[in-house]
Student: 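Pasting in a structure now, in structure tokens, and then I'll have a few things to ask.
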Amino acid sequence: MTLNRTREAPVATPDTQAFGSRSPGAAAIFGPSSTRPSQHLRPLAIDTVLFDLDGTLLDTAPDLIGAANTLLLEQGRPQQAAGLFRPVVSHGSAAMIARSFGLALEDPDMETLRERFLTLYRERVSRLTRPFAGIPDLLERIEGRGVRWGVVTNKPAWLTEPLLRDLGLADRAACIVSGDTVACRKPDPRPVAYACELLGIAPHQAVVVGDARRDVNAGRLAGTATIVALFGYICAEDEPTRWGADGLIGHPSELLRWLAPTANQPGGI
């Protein structure tokens, strides 16, 4: 059961520089994990984890940044450092173009530049992109518990599907819902609700994990639990403690604390 489709992508700086886990992060915003908000809550009785893609499951910034800088060079402009894009890397191609070229979203040149940007990004969609540190181990441990995981992203299917295939994750995901799988995107709850429908579960049996307010809003409106991935593309001004999530994690492994023990793992993580 894997469906997809959406529209999104972006990035900045020389190909060698990434961020995400190198962004301000949990330590800079909240300090030690033991003091993070909501960390004391009891484990969630869920059997499915629905991950956002960019900035949560995968560190896509290096390839998004590479595409943005290639576009700048094509337009006779200098490349930009990753820090220029940090506040908008999770917000889609239009935000990346607006930041790169200093354009308003309604500028008449926006759509032409955005389409070229997406073409450049597709050509390198998995060149430097990798799972965040700790994600491979987390997925193995989730699967070892018999817990399913899927992807709900605003990225279009024609970018999402090849990216997940290239990284060997497409066949492992229980579902893939892209930004064009249904008629709307997060923060609308329907993509999350559709993922639950595909998997034959009630929303309360799932948790949405993401690095943006729209992920939390989509999950809450759909009726799932929600966790903020502080290791993703979050800036201090985002104030994730105000998003209303059930919890916040600074490293992928911390998600395991939120999953109730399974029958074959009594009382343990």
Side-chain angles (χ1 to χ4, degrees), residues 1-23 48-68 70 82 85 89-90 92-93 96 117-145 147-181 185-186 191 195 198-199 207-212 215 227 229 231-233 249 251-253 255-256:
M1 289 197 200
T2 67
L3 297 180
N4 292 45
R5 289 212 158 158
T6 209
R7 210 153 203 144
E8 180 179 7
V11 88
T13 228
D15 285 351
T16 55
Q17 185 169 359
F19 49 121
S21 56
R22 291 163 288 288
S23 64
T48 302
V49 180
L50 299 175
F51 291 101
D52 176 47
L53 190 63
D54 300 77
T56 302
L57 193 67
L58 302 179
D59 183 5
T60 55
D63 286 313
L64 293 171
I65 290 170
T70 299
F85 298 92
V89 74
S90 267
S93 54
M96 292 292 295
F117 168 80
L118 291 172
T119 297
L120 292 169
Y121 177 56
R122 174 61 185 91
E123 292 172 355
R124 56 171 304 138
V125 69
S126 62
R127 187 180 301 175
L128 297 174
T129 291
R130 298 292 182 271
F132 279 100
I135 287 291
D137 179 65
L138 172 65
L139 296 182
E140 288 184 7
R141 296 178 72 178
I142 286 176
E143 292 166 349
R145 290 181 173 207
V147 174
R148 296 180 295 180
W149 64 271
V151 172
V152 180
T153 176
N154 280 356
K155 211 180 196 74
W158 62 278
L159 295 172
T160 301
E161 292 173 355
L163 176 55
L164 290 173
R165 282 198 305 269
D166 289 352
L167 296 182
L169 296 174
D171 291 337
R172 293 172 63 184
C175 71
I176 301 171
V177 176
S178 297
D180 48 1
T181 299
R185 308 193 307 172
K186 298 177 293 184
L198 283 175
L199 298 175
V207 58
V208 169
V209 182
D211 69 318
D215 301 315
I227 299 290
F231 53 85
Y233 305 143
I249 58 174
H251 187 274
S253 63
L255 180 62
L256 295 169

Student: Just wondering, do Ser178 and Leu159 contact through their side chains at under 4.5 Å, heavy atoms?
Tutor: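 The answer is no, as the side chains (C-beta and beyond) never meet within the 4.5 Å cut-off.
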Student: Between Leu50 and Cys175, which heavy-atom pair has the shortest distance, and what is it?
Tutor: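 Heavy atoms of Leu50 and Cys175 come nearest at CD2-SG, 4.0 Å.
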Student: In this structure, which one of Asp166, Thr160, Leu167 forms a side-chain contact (heavy atoms from CB on, under 4.5 Å) with Leu163?
Tutor: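 With Leu163 as partner, side-chain contact (heavy atoms from CB on, under 4.5 Å) holds for just one option, Leu167.
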Student: Which atom names give the shortest non-hydrogen contact between Gly150 and Ala173, and what distance separates them?
Tutor: CA-CB, 4.5 Å
Student: According to salt bridge (charged side-chain N to carboxylate O under 4.0 Å, His left out), who are the partners of Asp52, at least two apart in sequence or on a separate chain?
Tutor: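 Salt bridge (charged side-chain N to carboxylate O under 4.0 Å, His left out) check on Asp52 returns Lys186.
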Student: Quick one: list whatever passes side chain to side chain donor-acceptor pair (under 3.5 Å) with Thr129, sequence neighbours left out.
Tutor: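 Side chain to side chain donor-acceptor pair (under 3.5 Å) check on Thr129 returns Asp63.
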Student: Given side chain to side chain contact (heavy atoms under 4.5 Å, CB included), test Tyr233 with Asp59 step by step and report yes or no.
Tutor: CA-CA 9 Å; Tyr233 305 143; Asp59 183 5; 2.6 Å; yes
Student: Would you say that Ile227 contacts Val49 through its side chain, given a criterion of any heavy-atom pair below 4.5 Å between the two side chains?
Tutor: no
Student: Are side-chain heavy atoms of Leu169 and Trp149 found at a separation under 4.5 Å?
Tutor: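 They are in contact (side-chain heavy atoms under 4.5 Å apart), so the answer is yes.
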Student: Drop me the distance from Leu53's CG to Asp211's CG, to the nearest 0.5 angstrom.
Tutor: 10.0 Å
Student: Could you tell me the separation between the OG1 atom of Thr60 and the CG atom of Leu128, rounded to the nearest 0.5 Å?
Tutor: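 Reported value, rounded in 0.5 Å steps: 11.5 Å.
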Student: Heavy-atom distance under 4.5 Å between the side chains of Arg122 and Pro162, does that happen here?
Tutor: yes
Student: For Asp54 and Ser90, indicate whether the former's side chain and the latter's backbone hold a donor-acceptor pair under 3.5 Å.
Tutor: no
Student: Checking the side chain of Arg185 only, and the main-chain atoms of Gly179 only, is there a donor and an acceptor separated by less than 3.5 Å?
Tutor: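 Between the backbone of Gly179 and the side chain of Arg185 there is no qualifying donor-acceptor contact (under 3.5 Å).
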Student: Tell me the closest heavy-atom pair linking Ser93 and Leu118, and the distance in Å.
Tutor: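 Closest approach of Ser93 to Leu118, heavy atoms only: CB-CD2, 4.0 Å.
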Student: Using side-chain heavy atoms (C-beta onward) and a distance below 4.5 Å, is Val177 in contact with Leu198?
Tutor: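 Val177 vs Leu198: side chains touch.
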Student: Can you give me the closest heavy-atom contact between Gly210 and Thr56, atom names plus distance?
Tutor: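 Nearest pair, atom of Gly210 first, then Thr56: CA-OG1, 3.4 Å.
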Student: Considering residues at least two apart in sequence or located in another chain, which fulfil the side-chain contact (heavy atoms from CB on, under 4.5 Å) criterion with Pro252?
Tutor: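 Expected list: Ile135, Leu138, Phe231.
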Student: Holding to salt bridge (charged side-chain N to carboxylate O under 4.0 Å, His left out), I want the full list of residues that pass it with Glu123, two or more places apart in sequence or in another chain.
Tutor: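 Glu123 satisfies salt bridge (charged side-chain N to carboxylate O under 4.0 Å, His left out) with no other residue.
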Student: Rounded to the nearest 0.5 Å, what separates atom CG in Asp171 from atom CG in Leu164?
Tutor: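 Asp171 atom CG to Leu164 atom CG measures 10.0 Å (nearest 0.5 Å).
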Student: Identify, with sequence neighbours excluded, every residue that meets salt bridge (charged side-chain N to carboxylate O under 4.0 Å, His left out) alongside Arg172.
Tutor: Glu143
Student: Which heavy atom of Phe51 sits nearest to which heavy atom of Leu139, and what is that distance?
Tutor: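 In this case the closest contact between Phe51 and Leu139 is CE1-CD2, 3.8 Å.
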Student: Can you list the residues that meet the salt bridge (charged side-chain N to carboxylate O under 4.0 Å, His left out) rule with Asp137, with sequence neighbours excluded?
Tutor: Arg141
Student: Of the non-hydrogen atoms in Phe132 and Leu58, which two are nearest, and what is the gap between them?
Tutor: CE1-O, 3.2 Å
